[in-house]
Chemist: 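Got a structure here, written out as structure tokens. Questions coming.
Worth saying up front: this structure is predicted, and the values here are computed from it rather than measured. Chain letters run A, B, ... following the sequence lines, proteins first, then strands; residues in each count from 1.
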2 protein chains.
Amino acid sequence: MTQPRPPRRHDTPATRAALMRAALPLFAARGFAGTTVEAIAGAAGVNKALINYHFGGKQGLFTAILGDILSEAETRMAPLAAADRPADERLRHFVRIWAETAAATPEFPVMMMRELISGGQHLEAGFFARIVAIFGTVREIIADGVRDGRFRPVDPLLTHLSLVGSLMFFFATEPARERLFELGRPEAARPTRERFARHIEELITVGLAPSADDRPSGAAV
Amino acid sequence: MTQPRPPRRHDTPATRAALMRAALPLFAARGFAGTTVEAIAGAAGVNKALINYHFGGKQGLFTAILGDILSEAETRMAPLAAADRPADERLRHFVRIWAETAAATPEFPVMMMRELISGGQHLEAGFFARIVAIFGTVREIIADGVRDGRFRPVDPLLTHLSLVGSLMFFFATEPARERLFELGRPEAARPTRERFARHIEELITVGLAPSADDRPSGAAV
DNA sequence: GTCTATAGGCTGATAGAC
DNA sequence: GTCTATCAGCCTATAGAC
């Protein structure tokens, strides 16, 4: 709940990074409560007392990891904030960014999804808000597109939720799907990240394209 | 991991049901490892030893609850299996079923989402497969629609994943969103279940409608 | 900075009275 | 069937040597 005191002095980054790298997949796969510090230390190849030394405890390690995750997300999404290109192009860019992010850090969507599901209960104040802010970019883009007529008059929030939902679900359940394909049907065509990204891009293009009779006058829901 | 022995004899349903009803929201909000048997018993107003008596342990209680959840899902989805109506109509029906299910049991999508994320690691063999089977209905419907030309030639699996993903994400993050609106912006228009369901129905209609030049000859991706 | 050893708390499960 | 009392194990965190 509250943070233990931070006992660090000058931090040799080596084991610190090793602990974070080892803990990420464990937290993603089993959640915070389901992961023991002993498992983390074992995976990192160091002593579990070092978790306390470097992060002030298990919660501190988790917070540090999620902070990194969020920073990475913010960096990746930053280019989208600039409204210099058409909304449909920016939205497709958003989809591609997610595919690249999941390729670079597959645990990323899982961690986000877990925190969204838990409602940020066990988290530092502000983390939950940061997650929401990251996704809020999409809502802005959609609202822009509706405003300038590139999209039909959809509700930006609902559209935003359905788009982000598709992406989050797909990437967060990727490990499970992978496991399923390995065990059950190795022959079937697997939905790769790239194929899914293109599929969503196409769905956006078709689903948000304005029809002939879309005028900014009538309120359509 | 393995199941404790089942010590039940003839089961008075009263406390058994009370335990299951009390445990559901706790498991949904905090996950299996994050929920203590003491919290469950406290919420149910009974002694924690009864969890062992009636379910053989915490894992047994969890399994029983998820079994009920899955049975309810299978019952609700059963009408969709019959291919007696057009695919687009069945797909809209699927969306409505989810909205009704979430209204009846909001913890439902959260539990499913947690299990999908965890890949069914801690579960009885077969539960994970049942979850997949439930959603598999949608893929069949989409494949039907593509086959008879009511939908444009989309990939059934990718389309299925994007549709189910939107729904699962929306309903699984409902508690978090509710909390967010309460704390931050009570004035804004909340995305209700009904509005979201209609939004998705519309998105399907527009996004899957065949265009003039969709012929069953060319392979479209 | 990193380790060993251990403290201290909580948790799930059981024994046994009623 | 339900309760009280309790145990044994695990798990996080700390103390202190190196």
Chemist: Please tabulate, one pair per line, all N/O donor-acceptor pairs under 3.5 Å involving side-chain atoms of residues 96-111 of chain B, not counting sequence neighbours.
Modeler:
residue : atom : partner : partner atom : Å
B/T101  : OG1  : B/R76   : NE           : 3.4
B/T101  : OG1  : B/I97   : O            : 2.7
B/T105  : OG1  : B/E72   : OE2          : 3.4

Chemist: Checking side-chain polar atoms at under 3.5 Å, does B/T205 have a donor or acceptor matched by the opposite partner on B/E201?
Modeler: no
Chemist: Sequence neighbours left out, what passes side chain to side chain donor-acceptor pair (under 3.5 Å) with A/R177? Give chain and number order.
Modeler: A/T173
Chemist: Please give, in whole Å, the distance from C/dG12 C1' to B/N52 CG?
Modeler: 7 Å
Chemist: Give every residue pair that meets the salt bridge (charged side-chain N to carboxylate O under 4.0 Å, His left out) criterion with at least one member in residues 125-142 of chain A, sequence neighbours excluded.
Modeler: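 Of all non-adjacent pairs touching residues 125-142 of chain A, those that pass salt bridge (charged side-chain N to carboxylate O under 4.0 Å, His left out) are A/E74-A/R130.
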Chemist: Whole angstroms only, please: what is the CD1-P distance between B/I40 and C/dT11?
Modeler: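 Nearest whole value for this atom pair: 12 Å.
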Chemist: Can you list, in residue-number order, the parts of residues 24-39 of chain B that come under 4.0 Å of DNA chain D, counting heavy atoms only?
Modeler: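 Going residue by residue through residues 24-39 of chain B, none turns out to have a heavy atom under 4.0 Å of DNA chain D.
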Chemist: Please, which pairs that meet salt bridge (charged side-chain N to carboxylate O under 4.0 Å, His left out) have at least one residue in residues 61-71 of chain B, sequence neighbours excluded?
Modeler: none
Chemist: Among residues two or more places apart or on two chains, list those pairs meeting side chain to side chain donor-acceptor pair (under 3.5 Å) that have a residue in residues 27-37 of chain A.
Modeler: none
Chemist: Distance check needed: D/dT12 P versus A/K58 NZ, whole Å only.
Modeler: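 Rounded to the whole Å, the gap is 4 Å.
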Chemist: Quick one: ring pair (Phe, Tyr, Trp, His ring centres under 6.0 Å) partners of B/F170, sequence neighbours excluded?
Modeler: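 With sequence neighbours excluded, B/F170 shows a ring pair (Phe, Tyr, Trp, His ring centres under 6.0 Å) to B/F196, given in chain and number order.
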Chemist: Round to the nearest Å and state the distance from B/H54 atom NE2 to C/dA13 atom P.
Modeler: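 Computing the B/H54:NE2 to C/dA13:P distance gives 15 Å.
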Chemist: Applying side chain to side chain donor-acceptor pair (under 3.5 Å), can you list everything that pairs with A/S166, at least two apart in sequence or on another chain?
Modeler: B/S166
Chemist: Could you go over nucleotides 3-6 of chain D and give all protein N or O partners under 3.5 Å, atom names and distances?
Modeler:
residue : atom : partner : partner atom : Å
D/dC3   : OP2  : B/N47   : N            : 3.0
D/dT4   : OP2  : B/N47   : ND2          : 3.3

